[in-house]
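This report refers to the structure that appears directly beneath it.
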Protein chains: 2
Amino acid sequence: MYSKSEENYLKAIYHLEAIAKHGVSTNAIAGEMETKPSSVTDMVKKLADKGLVNYVKYKGTTLTEKGKKAALGVVRKHRIWEVFLLETLDFQWDEVHDIAEQLEHIKSQELINRLDKFLDYPDYDPHGDPIPDKNGNIKSAEKKLLAELKKGNQGQLVGVRETSPDFLQFLDKRSIAIGSKIKVLGKEFFDGSMVIQVQGEQFFISKKIAENLYIHI
Amino acid sequence: MYSKSEENYLKAIYHLEAIAKHGVSTNAIAGEMETKPSSVTDMVKKLADKGLVNYVKYKGTTLTEKGKKAALGVVRKHRIWEVFLLETLDFQWDEVHDIAEQLEHIKSQELINRLDKFLDYPDYDPHGDPIPDKNGNIKSAEKKLLAELKKGNQGQLVGVRETSPDFLQFLDKRSIAIGSKIKVLGKEFFDGSMVIQVQGEQFFISKKIAENLYIHI
DNA sequence: ATAATTTTTTAGATAAGACTAACTTTTTAT
DNA sequence: ATAAAAAGTTAGTCTTATCTAAAAAATTAT
(Lines give C-alpha, C1' and ligand atoms only; values in the text may rest on other atoms or scores of the structure.)
Protein backbone atom coordinates (compact mmCIF):
# COMPACT_ATOMS: atom_id res chain seq x y z
CA MET A 1 0.00 0.00 0.00
CA TYR A 2 2.13 2.89 1.28
CA SER A 3 5.87 2.90 1.87
CA LYS A 4 7.39 2.81 5.33
CA SER A 5 8.43 6.41 4.92
CA GLU A 6 5.01 7.56 3.80
CA GLU A 7 3.43 5.78 6.74
CA ASN A 8 5.81 7.45 9.15
CA TYR A 9 5.00 10.87 7.78
CA LEU A 10 1.27 10.21 7.99
CA LYS A 11 1.64 9.08 11.58
CA ALA A 12 3.72 12.11 12.48
CA ILE A 13 1.20 14.49 10.91
CA TYR A 14 -1.61 12.69 12.72
CA HIS A 15 0.09 13.15 16.09
CA LEU A 16 0.95 16.78 15.38
CA GLU A 17 -2.59 17.62 14.23
CA ALA A 18 -3.91 16.64 17.65
CA ILE A 19 -1.79 19.39 19.20
CA ALA A 20 -1.47 22.04 16.51
CA LYS A 21 -5.05 22.04 15.22
CA HIS A 22 -4.30 24.68 12.54
CA GLY A 23 -2.40 22.85 9.84
CA VAL A 24 0.90 21.29 10.72
CA SER A 25 4.05 23.25 9.92
CA THR A 26 6.86 21.84 7.84
CA ASN A 27 9.32 22.45 10.65
CA ALA A 28 7.15 20.60 13.13
CA ILE A 29 7.04 17.55 10.89
CA ALA A 30 10.79 17.75 10.37
CA GLY A 31 11.24 17.84 14.15
CA GLU A 32 8.98 14.86 14.73
CA MET A 33 10.56 12.84 11.93
CA GLU A 34 14.13 13.90 12.65
CA THR A 35 14.66 14.97 9.05
CA LYS A 36 15.33 18.29 7.37
CA PRO A 37 12.50 20.63 6.34
CA SER A 38 13.42 20.24 2.67
CA SER A 39 12.81 16.51 2.89
CA VAL A 40 9.42 17.21 4.43
CA THR A 41 8.42 19.54 1.60
CA ASP A 42 9.26 16.83 -0.92
CA MET A 43 7.24 14.24 0.93
CA VAL A 44 4.14 16.28 1.68
CA LYS A 45 3.95 17.16 -2.02
CA LYS A 46 4.03 13.48 -2.79
CA LEU A 47 1.39 12.73 -0.17
CA ALA A 48 -0.74 15.57 -1.55
CA ASP A 49 -0.49 14.05 -5.04
CA LYS A 50 -1.81 10.80 -3.60
CA GLY A 51 -4.71 12.57 -1.91
CA LEU A 52 -3.51 11.82 1.59
CA VAL A 53 -2.91 15.38 2.77
CA ASN A 54 -4.00 18.92 2.01
CA TYR A 55 -0.87 20.90 1.46
CA VAL A 56 -0.75 24.63 0.82
CA LYS A 57 2.66 26.10 0.14
CA TYR A 58 4.02 28.06 3.10
CA LYS A 59 0.77 27.45 5.00
CA GLY A 60 0.91 23.94 6.34
CA THR A 61 -0.38 20.41 5.98
CA THR A 62 -3.49 18.59 7.19
CA LEU A 63 -4.61 15.02 6.67
CA THR A 64 -7.47 14.30 4.31
CA GLU A 65 -10.02 11.68 5.35
CA LYS A 66 -8.07 9.16 3.32
CA GLY A 67 -4.84 10.20 5.00
CA LYS A 68 -6.35 10.07 8.45
CA LYS A 69 -7.63 6.59 7.82
CA ALA A 70 -4.18 5.46 6.70
CA ALA A 71 -2.56 7.12 9.73
CA LEU A 72 -4.99 5.47 12.10
CA GLY A 73 -4.17 2.14 10.51
CA VAL A 74 -0.52 2.63 11.43
CA VAL A 75 -1.38 3.86 14.93
CA ARG A 76 -3.58 0.80 15.42
CA LYS A 77 -0.75 -1.51 14.41
CA HIS A 78 1.76 0.27 16.60
CA ARG A 79 -0.41 0.11 19.71
CA ILE A 80 -1.48 -3.48 19.23
CA TRP A 81 2.13 -4.54 18.83
CA GLU A 82 3.03 -2.64 21.98
CA VAL A 83 0.40 -4.56 23.92
CA PHE A 84 1.76 -7.79 22.51
CA LEU A 85 5.34 -6.98 23.43
CA LEU A 86 4.42 -6.08 26.98
CA GLU A 87 1.71 -8.57 27.79
CA THR A 88 2.83 -11.58 25.86
CA LEU A 89 6.59 -11.24 25.66
CA ASP A 90 7.06 -9.45 28.99
CA PHE A 91 9.13 -6.61 27.63
CA GLN A 92 9.80 -3.57 29.80
CA TRP A 93 7.89 -0.37 29.11
CA ASP A 94 10.84 1.48 27.69
CA GLU A 95 11.95 -1.31 25.36
CA VAL A 96 8.80 -1.64 23.29
CA HIS A 97 8.69 1.58 21.35
CA ASP A 98 11.58 1.02 18.96
CA ILE A 99 10.46 -2.48 18.13
CA ALA A 100 6.82 -1.46 17.65
CA GLU A 101 8.10 1.27 15.38
CA GLN A 102 9.36 -1.44 13.05
CA LEU A 103 6.50 -3.88 13.46
CA GLU A 104 3.88 -1.27 12.63
CA HIS A 105 5.00 -1.38 9.00
CA ILE A 106 4.40 -5.07 8.41
CA LYS A 107 1.94 -5.33 5.54
CA SER A 108 -0.88 -7.65 6.54
CA GLN A 109 -4.31 -6.68 7.72
CA GLU A 110 -4.97 -10.27 8.66
CA LEU A 111 -1.93 -10.37 10.92
CA ILE A 112 -3.00 -7.39 12.97
CA ASN A 113 -6.57 -8.60 13.24
CA ARG A 114 -5.47 -12.00 14.48
CA LEU A 115 -3.08 -10.41 16.92
CA ASP A 116 -5.90 -8.18 18.13
CA LYS A 117 -8.04 -11.26 18.71
CA PHE A 118 -5.21 -13.12 20.44
CA LEU A 119 -4.81 -10.19 22.84
CA ASP A 120 -8.57 -10.18 23.40
CA TYR A 121 -9.28 -6.89 21.66
CA PRO A 122 -7.51 -4.45 23.97
CA ASP A 123 -8.92 -0.90 24.07
CA TYR A 124 -5.75 0.80 25.24
CA ASP A 125 -2.05 0.34 24.73
CA PRO A 126 0.31 0.21 27.72
CA HIS A 127 0.75 3.97 27.64
CA GLY A 128 -2.99 4.43 28.03
CA ASP A 129 -3.53 5.51 24.46
CA PRO A 130 -6.67 4.19 22.80
CA ILE A 131 -6.38 1.62 20.04
CA PRO A 132 -8.39 2.42 16.89
CA ASP A 133 -10.58 -0.43 15.64
CA LYS A 134 -10.46 -1.99 12.16
CA ASN A 135 -12.41 0.92 10.72
CA GLY A 136 -10.32 3.59 12.38
CA ASN A 137 -12.81 4.44 15.12
CA ILE A 138 -11.44 5.37 18.52
CA LYS A 139 -14.27 4.73 20.93
CA SER A 140 -12.68 5.97 24.04
CA ALA A 141 -11.84 9.35 25.44
CA GLU A 142 -8.25 10.46 25.70
CA LYS A 143 -6.38 9.73 28.87
CA LYS A 144 -5.79 12.21 31.71
CA LEU A 145 -3.08 12.50 34.30
CA LEU A 146 -4.14 11.43 37.79
CA ALA A 147 -2.78 14.77 38.97
CA GLU A 148 -5.51 16.54 36.95
CA LEU A 149 -8.35 14.80 38.81
CA LYS A 150 -10.23 16.40 41.69
CA LYS A 151 -11.35 15.05 45.03
CA GLY A 152 -14.11 12.54 44.47
CA ASN A 153 -13.15 11.74 40.85
CA GLN A 154 -12.40 8.20 39.97
CA GLY A 155 -11.17 6.25 37.01
CA GLN A 156 -9.11 3.42 35.72
CA LEU A 157 -5.34 3.31 35.43
CA VAL A 158 -4.58 2.92 31.74
CA GLY A 159 -0.90 3.74 31.51
CA VAL A 160 2.22 5.30 32.96
CA ARG A 161 4.36 8.14 31.74
CA GLU A 162 7.54 7.44 33.66
CA THR A 163 8.96 3.97 33.11
CA SER A 164 11.96 3.82 35.45
CA PRO A 165 12.40 0.64 37.50
CA ASP A 166 12.09 2.65 40.74
CA PHE A 167 8.72 3.99 39.74
CA LEU A 168 7.41 0.68 38.46
CA GLN A 169 8.52 -1.01 41.68
CA PHE A 170 6.73 1.65 43.67
CA LEU A 171 3.52 0.72 41.90
CA ASP A 172 4.15 -3.01 42.13
CA LYS A 173 4.60 -2.86 45.91
CA ARG A 174 1.18 -1.28 46.26
CA SER A 175 -0.41 -3.61 43.72
CA ILE A 176 -1.26 -0.66 41.51
CA ALA A 177 -1.39 -1.96 37.96
CA ILE A 178 -2.92 -1.26 34.57
CA GLY A 179 -6.66 -1.69 34.96
CA SER A 180 -6.75 -0.75 38.67
CA LYS A 181 -9.68 1.45 39.68
CA ILE A 182 -8.43 4.54 41.43
CA LYS A 183 -10.48 7.04 43.43
CA VAL A 184 -9.22 10.38 44.68
CA LEU A 185 -10.22 10.63 48.36
CA GLY A 186 -8.36 13.82 49.05
CA LYS A 187 -6.10 16.35 47.41
CA GLU A 188 -3.78 18.86 49.09
CA PHE A 189 -3.74 22.27 47.40
CA PHE A 190 -0.37 23.15 48.88
CA ASP A 191 1.75 20.48 47.16
CA GLY A 192 -0.72 18.59 44.98
CA SER A 193 -0.30 15.38 46.97
CA MET A 194 -3.24 13.02 47.13
CA VAL A 195 -4.86 10.28 49.11
CA ILE A 196 -6.18 7.65 46.74
CA GLN A 197 -8.09 4.43 47.12
CA VAL A 198 -7.06 1.41 45.07
CA GLN A 199 -8.94 -1.85 45.50
CA GLY A 200 -10.03 -1.06 49.02
CA GLU A 201 -6.62 0.13 50.18
CA GLN A 202 -5.67 3.75 50.73
CA PHE A 203 -2.36 5.34 49.77
CA PHE A 204 -0.76 8.70 50.13
CA ILE A 205 1.01 9.76 46.93
CA SER A 206 2.99 12.85 45.98
CA LYS A 207 2.19 15.11 43.07
CA LYS A 208 5.16 13.65 41.21
CA ILE A 209 3.61 10.20 41.36
CA ALA A 210 0.21 11.53 40.29
CA GLU A 211 1.78 13.22 37.30
CA ASN A 212 3.03 9.95 35.96
CA LEU A 213 -0.19 7.94 35.99
CA TYR A 214 -2.65 8.04 33.12
CA ILE A 215 -6.32 7.63 33.96
CA HIS A 216 -9.54 7.15 32.06
CA ILE A 217 -12.61 8.46 33.79
CA MET B 1 23.18 -4.29 11.05
CA TYR B 2 22.50 -5.33 7.48
CA SER B 3 19.87 -3.98 5.12
CA LYS B 4 16.75 -5.93 4.25
CA SER B 5 18.11 -6.49 0.79
CA GLU B 6 21.47 -7.71 2.03
CA GLU B 7 19.75 -10.10 4.39
CA ASN B 8 17.62 -11.47 1.59
CA TYR B 9 20.65 -12.10 -0.58
CA LEU B 10 22.47 -13.83 2.27
CA LYS B 11 19.47 -16.04 2.91
CA ALA B 12 19.13 -16.89 -0.78
CA ILE B 13 22.80 -17.80 -1.05
CA TYR B 14 22.52 -19.90 2.09
CA HIS B 15 19.62 -21.89 0.66
CA LEU B 16 21.32 -22.31 -2.72
CA GLU B 17 24.59 -23.46 -1.16
CA ALA B 18 22.78 -26.40 0.39
CA ILE B 19 21.88 -27.64 -3.08
CA ALA B 20 24.65 -26.39 -5.37
CA LYS B 21 27.62 -27.16 -3.11
CA HIS B 22 30.15 -25.69 -5.57
CA GLY B 23 29.76 -21.94 -5.32
CA VAL B 24 26.45 -20.41 -6.18
CA SER B 25 26.00 -19.02 -9.68
CA THR B 26 24.87 -15.47 -10.31
CA ASN B 27 21.92 -16.69 -12.34
CA ALA B 28 20.80 -19.01 -9.56
CA ILE B 29 20.76 -16.12 -7.10
CA ALA B 30 18.89 -13.96 -9.60
CA GLY B 31 16.30 -16.73 -9.97
CA GLU B 32 15.86 -17.15 -6.22
CA MET B 33 15.65 -13.40 -5.60
CA GLU B 34 13.55 -12.64 -8.68
CA THR B 35 15.99 -9.98 -9.81
CA LYS B 36 18.27 -9.61 -12.82
CA PRO B 37 21.77 -11.09 -12.88
CA SER B 38 23.31 -7.64 -13.13
CA SER B 39 21.71 -6.65 -9.83
CA VAL B 40 23.16 -9.78 -8.28
CA THR B 41 26.66 -8.96 -9.46
CA ASP B 42 26.39 -5.55 -7.84
CA MET B 43 25.18 -6.96 -4.57
CA VAL B 44 27.63 -9.84 -4.24
CA LYS B 45 30.46 -7.37 -4.77
CA LYS B 46 29.08 -5.30 -1.95
CA LEU B 47 28.70 -8.34 0.28
CA ALA B 48 32.24 -9.39 -0.60
CA ASP B 49 33.52 -5.96 0.47
CA LYS B 50 31.82 -6.48 3.81
CA GLY B 51 33.43 -9.89 4.23
CA LEU B 52 30.14 -11.77 4.04
CA VAL B 53 30.80 -13.77 0.88
CA ASN B 54 33.68 -15.04 -1.20
CA TYR B 55 33.09 -13.87 -4.71
CA VAL B 56 35.24 -14.75 -7.68
CA LYS B 57 34.31 -13.12 -10.95
CA TYR B 58 32.61 -15.54 -13.34
CA LYS B 59 33.13 -18.36 -10.86
CA GLY B 60 30.48 -18.00 -8.21
CA THR B 61 29.75 -17.00 -4.65
CA THR B 62 30.00 -18.75 -1.30
CA LEU B 63 29.24 -17.51 2.19
CA THR B 64 32.09 -16.77 4.56
CA GLU B 65 31.73 -17.83 8.19
CA LYS B 66 30.55 -14.32 8.96
CA GLY B 67 28.05 -14.44 6.11
CA LYS B 68 26.78 -17.85 7.13
CA LYS B 69 26.23 -16.65 10.66
CA ALA B 70 24.27 -13.66 9.38
CA ALA B 71 22.22 -15.87 7.05
CA LEU B 72 21.43 -18.30 9.86
CA GLY B 73 20.27 -15.37 11.96
CA VAL B 74 17.72 -14.50 9.30
CA VAL B 75 16.69 -18.12 8.84
CA ARG B 76 16.23 -18.42 12.61
CA LYS B 77 13.99 -15.37 12.66
CA HIS B 78 11.97 -16.53 9.69
CA ARG B 79 11.31 -19.97 11.13
CA ILE B 80 10.47 -18.77 14.62
CA TRP B 81 7.99 -16.26 13.21
CA GLU B 82 6.44 -19.04 11.13
CA VAL B 83 5.90 -21.12 14.25
CA PHE B 84 4.35 -18.12 15.96
CA LEU B 85 1.99 -17.38 13.08
CA LEU B 86 0.81 -20.97 12.90
CA GLU B 87 0.74 -21.98 16.52
CA THR B 88 -0.25 -18.78 18.22
CA LEU B 89 -2.25 -16.90 15.62
CA ASP B 90 -3.72 -19.99 13.89
CA PHE B 91 -2.75 -18.98 10.39
CA GLN B 92 -3.00 -21.49 7.57
CA TRP B 93 0.19 -23.08 6.23
CA ASP B 94 0.13 -21.22 2.97
CA GLU B 95 -0.47 -17.79 4.51
CA VAL B 96 2.56 -17.60 6.75
CA HIS B 97 5.43 -17.35 4.31
CA ASP B 98 4.86 -13.84 2.97
CA ILE B 99 4.35 -12.42 6.44
CA ALA B 100 7.36 -14.21 7.90
CA GLU B 101 9.33 -12.85 4.97
CA GLN B 102 8.67 -9.37 6.34
CA LEU B 103 8.96 -10.17 10.03
CA GLU B 104 12.37 -11.80 9.61
CA HIS B 105 13.88 -8.36 9.01
CA ILE B 106 12.80 -6.78 12.29
CA LYS B 107 15.95 -5.64 14.05
CA SER B 108 15.92 -6.93 17.60
CA GLN B 109 17.79 -9.90 18.97
CA GLU B 110 15.85 -9.61 22.19
CA LEU B 111 12.53 -9.87 20.37
CA ILE B 112 13.38 -13.11 18.67
CA ASN B 113 14.80 -14.63 21.85
CA ARG B 114 11.68 -13.77 23.82
CA LEU B 115 9.49 -15.11 21.06
CA ASP B 116 11.56 -18.28 21.05
CA LYS B 117 10.99 -18.63 24.78
CA PHE B 118 7.27 -17.90 24.46
CA LEU B 119 6.99 -20.68 21.89
CA ASP B 120 8.94 -22.98 24.22
CA TYR B 121 12.06 -23.22 22.10
CA PRO B 122 10.76 -25.08 19.06
CA ASP B 123 13.31 -27.20 17.17
CA TYR B 124 11.48 -27.19 13.85
CA ASP B 125 9.30 -24.82 11.92
CA PRO B 126 5.95 -25.95 10.51
CA HIS B 127 7.59 -27.08 7.29
CA GLY B 128 9.86 -29.39 9.23
CA ASP B 129 12.94 -27.26 8.78
CA PRO B 130 15.24 -27.03 11.80
CA ILE B 131 15.48 -23.72 13.66
CA PRO B 132 19.06 -22.54 14.31
CA ASP B 133 19.76 -21.56 17.93
CA LYS B 134 21.07 -18.19 19.11
CA ASN B 135 24.58 -19.12 18.04
CA GLY B 136 23.60 -20.40 14.63
CA ASN B 137 23.85 -24.07 15.48
CA ILE B 138 21.39 -26.43 13.86
CA LYS B 139 21.29 -29.48 16.09
CA SER B 140 19.05 -31.61 14.04
CA ALA B 141 19.35 -33.49 10.81
CA GLU B 142 17.59 -32.26 7.72
CA LYS B 143 14.16 -33.58 7.00
CA LYS B 144 13.39 -36.37 4.52
CA LEU B 145 10.32 -37.13 2.48
CA LEU B 146 8.30 -40.05 3.75
CA ALA B 147 8.52 -41.42 0.22
CA GLU B 148 12.29 -41.81 0.62
CA LEU B 149 11.97 -44.13 3.63
CA LYS B 150 12.19 -47.92 3.34
CA LYS B 151 10.14 -50.68 4.89
CA GLY B 152 10.85 -50.80 8.60
CA ASN B 153 12.04 -47.19 8.88
CA GLN B 154 10.28 -44.89 11.26
CA GLY B 155 10.34 -41.27 12.21
CA GLN B 156 8.39 -38.25 13.24
CA LEU B 157 6.23 -36.07 11.02
CA VAL B 158 7.79 -32.64 11.08
CA GLY B 159 6.15 -30.85 8.19
CA VAL B 160 4.19 -30.98 4.96
CA ARG B 161 5.11 -29.88 1.48
CA GLU B 162 1.66 -29.57 -0.03
CA THR B 163 -0.66 -27.25 1.88
CA SER B 164 -3.95 -27.53 -0.02
CA PRO B 165 -7.10 -27.84 2.08
CA ASP B 166 -7.82 -31.24 0.50
CA PHE B 167 -4.49 -32.60 1.60
CA LEU B 168 -4.64 -31.14 5.09
CA GLN B 169 -8.14 -32.56 5.53
CA PHE B 170 -6.89 -35.94 4.41
CA LEU B 171 -4.36 -35.84 7.23
CA ASP B 172 -6.81 -34.47 9.75
CA LYS B 173 -9.30 -37.28 9.13
CA ARG B 174 -6.63 -39.82 9.97
CA SER B 175 -5.33 -37.83 12.93
CA ILE B 176 -1.97 -37.51 11.27
CA ALA B 177 -0.41 -34.30 12.59
CA ILE B 178 2.93 -32.63 13.19
CA GLY B 179 4.72 -34.69 15.80
CA SER B 180 3.04 -37.98 14.89
CA LYS B 181 5.33 -41.02 14.90
CA ILE B 182 5.13 -42.81 11.58
CA LYS B 183 6.45 -46.29 10.77
CA VAL B 184 6.65 -47.76 7.28
CA LEU B 185 5.16 -51.24 7.47
CA GLY B 186 5.29 -51.93 3.76
CA LYS B 187 6.22 -50.31 0.49
CA GLU B 188 5.13 -51.31 -3.00
CA PHE B 189 7.89 -51.09 -5.62
CA PHE B 190 5.41 -50.84 -8.49
CA ASP B 191 3.78 -47.52 -7.55
CA GLY B 192 5.62 -46.41 -4.42
CA SER B 193 2.49 -46.73 -2.29
CA MET B 194 2.93 -47.57 1.37
CA VAL B 195 1.28 -49.03 4.41
CA ILE B 196 2.16 -46.95 7.42
CA GLN B 197 1.41 -47.11 11.11
CA VAL B 198 0.47 -43.94 12.98
CA GLN B 199 -0.35 -44.13 16.67
CA GLY B 200 -1.42 -47.76 16.51
CA GLU B 201 -3.55 -47.35 13.40
CA GLN B 202 -2.58 -48.52 9.94
CA PHE B 203 -3.19 -46.61 6.73
CA PHE B 204 -2.62 -47.23 3.07
CA ILE B 205 -1.19 -44.15 1.34
CA SER B 206 -0.23 -43.41 -2.25
CA LYS B 207 3.20 -42.27 -3.35
CA LYS B 208 1.77 -38.81 -3.91
CA ILE B 209 0.82 -38.57 -0.26
CA ALA B 210 4.23 -39.87 0.86
CA GLU B 211 5.97 -37.28 -1.27
CA ASN B 212 4.31 -34.49 0.63
CA LEU B 213 5.19 -35.47 4.18
CA TYR B 214 8.48 -34.49 5.79
CA ILE B 215 9.98 -36.86 8.33
CA HIS B 216 12.83 -36.83 10.80
CA ILE B 217 14.29 -40.22 11.55
C1' DA C 1 39.41 -26.23 -32.17
C1' DT C 2 36.57 -23.01 -33.29
C1' DA C 3 31.84 -21.27 -33.61
C1' DA C 4 27.57 -20.67 -31.22
C1' DT C 5 25.36 -20.20 -27.05
C1' DT C 6 24.92 -19.15 -22.42
C1' DT C 7 26.44 -16.85 -18.40
C1' DT C 8 28.31 -13.02 -16.23
C1' DT C 9 29.94 -8.45 -15.91
C1' DT C 10 30.19 -3.48 -16.98
C1' DA C 11 28.36 0.94 -17.96
C1' DG C 12 24.92 4.02 -17.69
C1' DA C 13 19.99 5.17 -16.25
C1' DT C 14 16.13 5.39 -12.95
C1' DA C 15 13.29 5.90 -8.60
C1' DA C 16 12.84 6.75 -3.61
C1' DG C 17 14.22 9.29 0.02
C1' DA C 18 17.36 11.99 2.14
C1' DC C 19 20.80 15.91 2.17
C1' DT C 20 23.10 20.91 1.45
C1' DA C 21 23.02 25.42 -0.22
C1' DA C 22 20.70 29.08 -2.15
C1' DC C 23 16.53 31.50 -2.65
C1' DT C 24 11.65 33.07 -1.45
C1' DT C 25 7.88 33.90 1.54
C1' DT C 26 6.12 34.84 5.99
C1' DT C 27 6.54 36.45 10.56
C1' DT C 28 8.56 39.26 14.12
C1' DA C 29 10.77 43.25 15.93
C1' DT C 30 11.96 47.82 15.93
C1' DA D 1 6.40 50.09 7.69
C1' DT D 2 10.33 48.21 6.80
C1' DA D 3 14.40 45.53 8.20
C1' DA D 4 15.84 41.28 10.34
C1' DA D 5 14.87 36.70 11.45
C1' DA D 6 12.54 32.51 10.86
C1' DA D 7 10.20 29.29 8.12
C1' DG D 8 9.60 27.07 3.92
C1' DT D 9 10.82 25.92 -0.89
C1' DT D 10 13.70 24.86 -4.89
C1' DA D 11 17.56 23.03 -7.27
C1' DG D 12 20.96 20.00 -7.47
C1' DT D 13 23.61 16.00 -5.26
C1' DC D 14 24.03 11.45 -2.95
C1' DT D 15 22.99 6.56 -1.70
C1' DT D 16 20.70 2.19 -2.23
C1' DA D 17 18.89 -0.99 -5.03
C1' DT D 18 17.09 -1.75 -9.09
C1' DC D 19 17.01 -1.98 -14.37
C1' DT D 20 18.49 -2.27 -19.73
C1' DA D 21 21.83 -2.75 -23.21
C1' DA D 22 26.26 -3.88 -24.60
C1' DA D 23 30.59 -6.27 -23.85
C1' DA D 24 33.39 -10.05 -22.05
C1' DA D 25 34.19 -14.65 -20.39
C1' DA D 26 32.95 -19.41 -20.00
C1' DT D 27 30.60 -23.33 -21.68
C1' DT D 28 28.65 -26.32 -25.19
C1' DA D 29 28.20 -28.12 -29.71
C1' DT D 30 29.78 -29.24 -34.11
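In what follows, chains carry the letters A, B, and so on, assigned in the order in which the sequence lines appear, proteins first and then strands, with residues in each chain numbered from 1.
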Q) From the list D:dC19, D:dT10, C:dT9, which nucleotide is the closest neighbour of the side chain of A:T41? A) D:dT10
(Q) Judged by each residue's nearest nucleotide on DNA chain C, which is more toward the 5′ side, A:T35 or B:A28? (A) B:A28
Q: Check whether any side-chain heavy atom of B:T88 lies under 4.5 Å from a side-chain heavy atom of A:T88, and answer yes or no.
A: no
Q. Nearest of C:dA18, D:dT18, D:dT9 to any side-chain atom of B:D42?
A. D:dT18
Q. Can you check the A:M43 CE to D:dT10 P distance for me, whole Å?
A. 16 Å
Q | B:Y2 side chain near D:dT16 phosphate (N/O to OP1/OP2, under 4.0 Å) | A | no
Q.
Nearest whole Å is fine: how far is C:dA18 P from A:E6 CD?
A. 10 Å
Q. Can you check the A:K45 NZ to D:dG8 P distance for me, whole Å?
A. 14 Å
Q. Taking the nucleotide of DNA chain C with the closest heavy atom to each, which residue, A:S3 or B:G60, is nearer the 5' end?
A. B:G60
Q. Under 4.0 angstrom, heavy atoms only, what part of the nucleic acid is B:S39 near: base, sugar-phosphate, or nothing?
A. base
**Q.** Flag side-chain contact, heavy atom, 4.5 Å: A:E6 against A:L47
**A.** yes
Q | Between P of C:dC23 and NZ of A:K36, the distance in whole Å | A | 20 Å
Q) When all nucleic acid strands are considered with a 4.0 Å heavy-atom cut-off, which category describes A:K4: base, sugar-phosphate, or nothing? A) nothing
Q. Name the one of B:R79, B:K11, B:K4 that satisfies side-chain hydrogen bond (donor to acceptor under 3.5 Å, both in side chains) with B:E104?
A. B:K11
Q. What is the ring orientation for B:Y124 with B:H216, classed by angle as parallel under 30°, tilted 30 to 60°, or perpendicular over 60°?
A. tilted
**Q.** For atom CD1 of A:I29 and atom P of D:dA7, their distance in whole Å
**A.** 14 Å
Q | Side-chain N,O (A:T26) to OP1/OP2 (D:dT9) below 4.0 Å | A | yes
Q.
Across nucleotides 21-28 of chain D, 5' to 3', mark each nucleotide with B, S or - according to how protein heavy atoms within less than 4.0 Å reach it.
A. ----SS--
Q) Parallel, tilted or perpendicular: which fits the ring planes of B:F170 and B:F167, with parallel below 30° and perpendicular above 60°? A) parallel
Q: Find the distance B:Y9:OH to D:dT16:P and express it as a whole number of Å.
A: 14 Å
Q) Between B:K68 and B:E17, is the closest basic N to carboxylate O distance under 4.0 Å? A) no
Q: Could you tell me which non-hydrogen atom of B:V24 sits nearest to which non-hydrogen atom of B:I13, and how far apart they are?
A: CG2-O, 4.0 Å
Q | Below 4.0 Å: OP1/OP2 of D:dA6 and any side-chain N or O of A:N27 | A | no
